[in-house]
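Take a look at the structure set out below.
Please read these numbers as outputs of a predicted model, since none were measured by experiment. The analysis underlying the following values was restricted to heavy atoms, covering all of them including side chains, and did not include hydrogens, waters or symmetry mates.
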Amino acid sequence: MSCLGNIIWFIFGGLIGGITWCLAGVLWCITIIGIPIGLQCFKFASLSFAPFGKDVVYRTTGINLIVNIIWLIVSGIPLAIGHLISAFFLCITIIGIPFAAQSLKLARLALMPFGAEIVYRR
């Protein structure tokens, strides 16, 4: 079922969401200091392309908090707003509610990506 959900997700919004994460990753990788942040963006782009069957687990440390604050100021808010707008439009239909839940998962991830780990459900 998650395979079908990922295919539908990719067609109706996952492609655009993944491209925005990749764009953020490229912009961060332009600077040498931002390469670790850019690599994190590419990891989450793969989640944005196919979010069904995957969960995000958060582990907070002091360094993650500092990097999350910098991320939030520079890149996090536009990505989160894009995912929230997507979730709003997906909630219009009953069929779109599971897809809106995935978009909300990605919006939370856009606000706090550091310290987050992608785990696969079985």
Legend entry - Neighbour count >12 (heavy atoms, 6.0 Å) for atom CD1, Ile33: no
Legend entry - Ile35 versus Cys29, closest heavy-atom pair with distance: CG1-O, 3.9 Å
Legend entry - Val74-Ile81 co-clustered via ILVMFWY side chain contacts under 4.5 Å: yes
Legend entry - Heavy-atom pair of closest approach, residues Trp28 and Ser75: NE1-OG, 2.9 Å
Inset, instruction - For residues 10-25, pull every pair meeting side-chain hydrogen bond (donor to acceptor under 3.5 Å, both in side chains), keeping only residues two or more places apart or in separate chains. - result: Trp21-His83
Inset, instruction - Any chance you could measure Phe12, atom CZ, to Ile7, atom CD1, to the nearest 0.5 Å? - result: 12.0 Å
Legend entry - Under 3.5 Å donor-acceptor, Ser2 side chain and Gly53 backbone: no
Legend entry - Heavy atoms of other groups near Ile97 CD1, more than 12 under 6.0 Å: yes
Inset, instruction - Just jot down the side-chain hydrogen bond (donor to acceptor under 3.5 Å, both in side chains) partners of Asn64, sequence neighbours excluded, or say none. - result: Thr61
Legend entry - Minimum heavy-atom distance between Ser48 and Gly18, given as atom pair plus value: OG-N, 3.2 Å
Legend entry - Beyond-backbone contact of Ile118 with Val57, side-chain heavy atoms, under 4.5 angstrom: no
Inset, instruction - Could you tell me the separation between the CZ atom of Phe49 and the CD1 atom of Ile19, rounded to the nearest 0.5 Å? - result: 6.0 Å
Legend entry - Interatomic spacing from CG in Leu111 to CG in Leu106 - rounded to 0.5 Å: 11.0 Å
Inset, instruction - Indicate, with yes or no, if Tyr120 and Phe42 share a hydrophobic cluster defined by side-chain heavy-atom contacts under 4.5 Å among Ile, Leu, Val, Met, Phe, Trp and Tyr. - result: no
Legend entry - Rounded distance [0.5 Å steps], CD1 in Ile37 versus CD1 in Ile70: 6.5 Å
Legend entry - Heavy-atom pair with the smallest gap, counting every atom of Cys22 and Ala45: SG-CB, 3.6 Å
Legend entry - Straight-line distance of Leu90 CG to Ile85 CD1, nearest 0.5 Å: 12.0 Å
Legend entry - Residue pairs passing the salt bridge (charged side-chain N to carboxylate O under 4.0 Å, His left out) test where at least one lies in residues 50-75, sequence neighbours excluded: Asp55-Arg121, Arg59-Glu117
Inset, instruction - For the pair Phe99 and Trp9, name the ring-plane relationship: parallel under 30°, tilted 30 to 60°, perpendicular over 60°. - result: parallel
Legend entry - ILVMFWY network linking Val67 to Leu72, side-chain heavy atoms under 4.5 angstrom: yes
Legend entry - In one Ile/Leu/Val/Met/Phe/Trp/Tyr side-chain cluster, 4.5 Å: Ile8, Phe52: yes
Legend entry - Hydrophobic cluster identity match, Ile77 and Phe114, side-chain contacts under 4.5 Å: yes
Legend entry - Close side-chain approach of Ile69 and Ile66, heavy atoms under 4.5 Å: no
Legend entry - Euclidean distance, Met112 CE relative to Leu65 CG, rounded to 0.5 Å: 10.5 Å
Legend entry - Residues, nucleotides or ligands: over 12 heavy atoms within 6.0 Å of Tyr58 OH: yes
Legend entry - Lys43 (side chain) donor-acceptor with Gly38 (main chain) under 3.5 angstrom: no
Inset, instruction - Taking all heavy atoms of Trp71 and all of Ala24, pick out the closest pair and write down the distance. - result: CH2-CB, 4.4 Å
